[in-house]
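Beneath this line is the structure, given in structure tokens, with notes to follow.
Naming convention: chains lettered A, B, ... in sequence-line order (proteins, then strands); numbering from 1 in each chain.
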Amino acid sequence: MAVPREQMTEPMAPQTATTGERIVEASELHTYYGDSHVLHGVNLTVQRGETVCLMGRNGMGKTTTLRSILGLTRPRSGTVRIMGQDMTRAETHAIIRQGIGYVPEGRGMFPNLSVRESLVMAARPGPDGRRDWDLDRVLSVFPRIAERINHMSANLSGGEQQMLAIGRALMTNPELLILDEATEGLAPLIRKEIWTVIRGIKETGIATLVVDKNVNVLIDLCDRSMIMVKGELVFDGPSESLRKQPELLQTHIGL
Amino acid sequence: MDLSLFLIQTMNGVQYGLLLFLIASGLTLIFGIMHIINLAHGSLYMVGAYLAFWISSYTGNLFLSILLGLPIAIVLGIVIERFLIQRLYDRDHLDQVLLTFGLILIFDAMQSIIWGNDVHGVPIPDALRGGIMLTENLAYPTYRLFVSGVCLAIAVGMFLLIQKTRLGMIVRGGASNREMVSALGINIRWVYTLVFAAGAGLTAFAGMIAAPISSVYPGMGNSILIICFVVVVIGGLGSIKGAFLGALMVGLVYTWGTVLVPQFAGAAVYALMAAVLLWKPRGLFA
Ligand SMILES: Nc1ncnc2c1ncn2[C@@H]1O[C@H](COP(=O)(O)OP(=O)(O)OP(=O)(O)O)[C@@H](O)[C@H]1O
Ligand SMILES: [Mg+2]
């Protein structure tokens, strides 16, 4: 992908942090589905406390990037470091246990578990032993699912399932929350509710990596934005600088 | 037919059904959670029975034999899962059937080499000999009541474990969305090993406590396997509740069949399965 060099490098400069402060540091990820080459050398980092987003049109490889980082889809080459440790070949549960809460595209429900069970089964102190999030706190953040506590996950509405998926990720007391299309297919009102919650989570200091299609909300919310086109990042820099370059959004996302 | 015969046969049927449940529950759990068809499940029943016979021939005490034999069976389950079954999770059912059928042959050969091909018996523990008077002139064997009680207690315990504990929630979650369990930081491979080992332990335990009633003989695992597949199919693949109901139905039909139509007792069980499947093609609870 032809990108002016400075766009790629210059905005990264302020983020020269030591590896220890990086929760995720993925370099040169190449991922395939069979013969089809989907990721072409993705470099992605998330630092402690940072809110970042990954944008891009349908099928560009955003979900594949997340799955490659989490070991759910194995990259053919490249490295994944989590909390400074090389976890390229580690199993998914070990990667997650470093302090990642994952809300997958499609919500990843357990249709045969109730709301309470879905939350309780995930409960775990954070990697540093923190127990900030428990059932009561999650239910207070999501009064809608508190009302449905004994319902089967399969019988919840799409918005409620999404809230359950976020609440369940919070039950693991993560350092980093990864959200893939958390507002997809939801009514505007529910969407707003979810964004409010995500803002609240950001304020507690948990780092977030958000994949979504609501570009304007993302630019407002996130410290840093990334744009992915055909398996490559074509922009990675402060959201502020992206706001000033609407032509980038125009070309790469089509707004 | 008088009332006492009816009562005794019904109690025998329930006892047999509860025993079948112990075996079938492992089979259905392993299928429902790991999607594995484990033909070698019956072999662990046989192993349990032979261990009970073998160890009690030294100790002279069935309970001590169970205490010593059960860990052996569970370790065997763990080894089979870790070294063999674990390679089959992403393969199709044909590969699973091939491997687990191979295991049956190995287990049968080992039984023949280690214990020979004679039929053996295991004495009923002294404390549980004799009968309990149900009415003034009707006695029922104490040991059979004991077996029913133990099986029922295990069934209740298993239900509570699966429905009420966090481990049970994880196991059920794993059955519906394996990837998401890993994505919550839970090692699903250990969960699978645990389920398989529990299934192996339950089956072997069933073989141990059944030994004083049914005797210990070559091929005993294979006949019980077929009956248990009938139970699992009637109940609905993967359903514990279904396995419980199916086991009781099969136990009663088989026991009553031997009384009423001795020549067709075996066939009655398949007739029951056919009838259930005509009514509910996927079994009672699937
Ligand atoms: N399991 C799979 N097998 C084969 N190809 C796949 C698979 N999953 C995704 N792909 C392909 O890989 C490419 C990237 O898909 P991916 O889901 O990562 O995109 P995305 O950016 O998340 O898209 P969306 O915005 O629609 O969620 C697409 O061309 C898609 O068709
Ligand atoms: Mg996607």
*Kindly check if the number of other-residue, nucleotide or ligand heavy atoms within 6.0 Å of OH (Tyr33(A)) is above 12?*
yes
_chain B contact via Arg67(A) - which portion, at a heavy-atom distance below 4.5 Å_ = side chain
_Looking only at heavy atoms and a cut-off of under 4.5 Å, which of Ser114(A), Ala123(A), Ala94(A), Gly71(A) has the most pairs with chain B?_
Ala123(A)
*Residues, nucleotides or ligands: over 12 heavy atoms within 6.0 Å of Arg130(A) CZ*: yes
*More than 12 heavy atoms of other groups within 6.0 Å of Tyr254(B) OH*: no
*Distance, nearest 0.5 Å, that separates CD1 of Ile186(B) from CE of Met121(A)*: 4.5 Å
*What part of Glu91(A) is in contact with chain B, defined as an atom under 4.5 angstrom from a non-hydrogen atom: side chain, backbone, both or neither?*
side chain
*Are there more than 12 heavy atoms of other residues, nucleotides or ligands under 6.0 Å from atom CZ of Arg74(A)?*
yes
*Which of the residues Met171(A), Glu117(A), Arg124(A), Arg97(A) is involved in the greatest number of heavy-atom pairs with chain B at under 4.5 angstrom?*
Glu117(A)
*Which residue out of Gln98(A), Arg168(A), His93(A), Met109(A) racks up the most heavy-atom pairs below 4.5 Å with chain B?*
His93(A)
*Using a heavy-atom distance cut-off of less than 4.5 Å, which residues of residues 159-178 of chain B contact chain A?*
Gln163(B), Arg166(B), Met169(B), Ile170(B), Arg172(B), Gly173(B), Ser176(B), Asn177(B)
*At a heavy-atom separation under 4.5 Å, does Pro111(A) approach chain B through its side chain, its backbone, both, or neither?*
both
*For atom CZ of Arg131(A), is the number of surrounding heavy atoms from other residues, nucleotides or ligands below 6.0 Å larger than 12?*
no
*Side chain from CB out, backbone as N, CA, C, O: work out which of these in Thr172(A) comes under 4.5 Å of a heavy atom of chain B, or both, or neither.*
side chain
*By side-chain contact (heavy atoms from CB on, under 4.5 Å), which residues pair with Arg144(A), not counting sequence neighbours?*
Met163(A), Ile190(A), Glu193(A)
*What do you reckon, is CZ of Phe101(B) surrounded by more than 12 foreign heavy atoms closer than 6.0 Å?*
no
*Exercise: identify the closest heavy-atom pair between Met180(B) and Gly108(A)*: CG-O, 3.2 Å
*Sub-4.5 Å side-chain heavy-atom contact between Glu179(B) and Leu72(A)*: yes
